[in-house]
*Asks:* 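Take a look at the following structure, please.
Remember, it's 1-based here, ligands and their atoms both numbered in the order they're listed. Just so it is clear, the structure is predicted and the values come from calculations on it, not from any experiment.
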Amino acid sequence: MFETFENLESCVRTYCRDFPAVFKRAKGALLWDERGRKYIDFFAGAGALNYGHNNDALKEGLLKYIHEDGIAHGLDLHTEAKQQFIEEFNSIILIPRKLKFRLMFTGPTGSNVVEAALKLARKVTGRTNVAAFTNGYHGMSLGALAATGANSKRRGAGIPLSNIDRYPFDNYFGPDTDTLSYIERLITDASSGFDAPAAFIVETVQGEGGINVASREWLQRLARLARKLGSLLIVDDIQAGCGRTGRFFSFEDAGIQPDLVCLSKSLSGFGLPMSMLLIRPELDIWEPGEHNGTFRGNNLAFVTARLALDYWKAPSFLQNLKQTSDRLNADLQDAVEHYRDIVPIKTRGRGLLHGLVMPSTAVASRVSTLAFSKGVILETCGPTGEVLKLMPPLTISSDHLNEALEVIRESIDRALYDAANSDFVSNSDLNQ
Ligand code: PMP
């Protein structure tokens with residue numbers, strides 16, 4: 001059934017190994033495979049489909065644009081589609097939040113916008129090292145990979161990954177260690193061996209790293225420390241942005257104003273590749289073409305990205321988002337309570353980006369496999385894949401949400417039962 005992929009596609013493929021099906025059609029929070037089997041999508045394209053698959057409003061606008069022979073590719077030429085997106089992003093997103101940024105369209109991947117942010121921070125400050133955090137994930141190209149924590153990914157570089165200082169994220173050593181005091185002491189001590197970095201690059205909620213949430217206070221103190229050191233603050237909002245944590249930007253709750261913001265994934269709203277770096281205007285010191293690329297500014301994505309902004313004009317969207325997030329959070333708290341006497345499970349997250357920390361990697365992987373067999377696509381994350389990542393489209397209906405949560409509960413029950421009664425995972429593993 002999968003011979004074509006196994007024989008001809010590179011071994012590098014990943015997600016398809018966890019979710020073995022040939023997908024054919026998708027709508028909203030649902031996917032169907034070629035045999036007509038339905039799946040509820042709790043993965044949402046790793047955060048690229050916040051508004052669901054084939055969102056009607058976006059699809060209609062895109063089809064109309066293509067029908068009228070709108071520009072599909074235009075390097076970074078001025079186009080009407082780009083102009084409309086820029087104007088509406090400014091008026092709908094930036095101005096109401098009192099944010100002033102220049103918009104830079106980079107190559108279409110998240111990694112590429114991170115590369116641009118790192119380059120610009122180094123150029124602005126004249127410093128070479130950037131501070132990145134434990135469990136951070138910023139992409140696979142060499143600069144972004146250097147800032148990424150996971151050894152399994154870093155190994156692929158084949159050369160030394162350099163010019164990153166790695167610091168502990170909030171709560172990395174548990175609640176009793178204040179990591180920011182530790183970081184501040186290291187950087188400000190004249191003989192610690194650490195210099196002030198060009199920038200701190202941070203995810204406010206670490207997506208791939210295990211849904212680790214930085215507290216508001218930690219983020220505020222990080223912003224203050226960056227300012228004191230003359231370092232830029234880069235928020236990588238590629239996964240946590242575009243509404244995922246309940247507001248358009250994940251840093252809004254903390255009330256901080258980063259110098260650079262990386263956006264990608266759900267920016268186009270339709271799963272079309274598009275990335276953008278927001279730059280505090282005084283820092284926009286690029287020479288023309290200094291971060292060039294053929295696919296900067298995907299005009300089809302400009303069309304859908306502009307239409308996706310309409311959601312942010314409708315108060316009902318935010319209300320629904322809050323309700324769905326509260327519902328998910330309540331269910332997960334309930335699950336933690338339910339399993340308390342059997343095995344310790346933790347939950348963490350914000351908005352519709354939540355994690356359930358399983359007692360072991362094997363159990364998490366088993367839950368994901370079982371959920372898939374019952375028609376729910378549920379990814380794992382964290383240093384060893386021990387965290388279930390719950391990330392449905394923001395527009396998921398309460399029926400689909402409930403249906404998926406029930407399947408996940410059944411899958412956890414079954415995985416824990418199997419773990420206790422078979423040797424696919426030892427009891428000592430379970431009790432860790
Ligand atoms: N930063 C973050 C926070 C991400 O989650 C990702 C993708 N998972 C990236 C950067 C890299 O994006 P891309 O895969 O599009 O290069």
*Asks:* Does the side chain of Glu208 come within less than 4.5 Å of Lys153's, by heavy atoms?
*Replies:* no

*Asks:* Is there a donor-acceptor contact under 3.5 Å from the side chain of Thr304 to the main chain of Gly269?
*Replies:* no

*Asks:* Is it the case that over 12 heavy atoms from other parts of the model lie below 6.0 angstrom from the CZ atom of Arg185?
*Replies:* no

*Asks:* Verify the contact flag for atom 1 (N) of ligand 1, where contact means a protein heavy atom under 4.0 Å away.
*Replies:* yes

*Asks:* Tell me: protein heavy atom nearest atom 13 (P) of ligand 1, and distance?
*Replies:* Gly110 N, 3.5 Å

*Asks:* Classify the contact between His138 and ligand 1 as side chain, backbone, both or neither, using a heavy-atom distance cut-off of under 4.0 Å.
*Replies:* backbone

*Asks:* Here's a test for you: under ring-ring contact (aromatic ring centres under 6.0 Å, His included), which of Tyr172, Phe133, Tyr167 qualifies with Trp218?
*Replies:* Phe133

*Asks:* So do the side chains of Arg350 and Asp253 get within less than 4.5 Å of each other, counting heavy atoms only?
*Replies:* yes

*Asks:* Counting from 1, what ligand 1 atoms have a heavy atom of Glu203 closer than 4.0 Å?
*Replies:* 3 (C)

*Asks:* Pick one of side chain, backbone, both or neither for how Met140 approaches ligand 1, counting any non-hydrogen atom pair under 4.0 Å.
*Replies:* neither

*Asks:* Examine Asp236 against ligand 1 and note whether any of their N/O atoms are separated by less than 3.5 Å.
*Replies:* yes

*Asks:* Which residue and non-hydrogen atom of the protein lie closest to atom 8 (N) of ligand 1, and at what distance in Å?
*Replies:* Lys265 NZ, 3.0 Å

*Asks:* Please report which non-hydrogen protein atom sits nearest to atom 5 (O) of ligand 1, along with the residue it belongs to and the distance in Å to one decimal place.
*Replies:* Gln239 NE2, 2.7 Å

*Asks:* Strictly distance-based, threshold 3.5 Å: is any side-chain N or O of His73 a donor or acceptor partner for the main-chain N or O of Thr294?
*Replies:* yes

*Asks:* Go through ligand 1 atom by atom and flag the ones less than 4.0 Å from a non-hydrogen atom of Thr109.
*Replies:* 15 (O), 16 (O)

*Asks:* Looking at Ser111, which atoms of ligand 1 are within less than 4.0 Å of one of its heavy atoms?
*Replies:* 11 (C), 12 (O), 13 (P), 16 (O)

*Asks:* Give me the atom names and distance for the closest heavy-atom approach of Glu115 to Gly143.
*Replies:* OE2-N, 2.9 Å

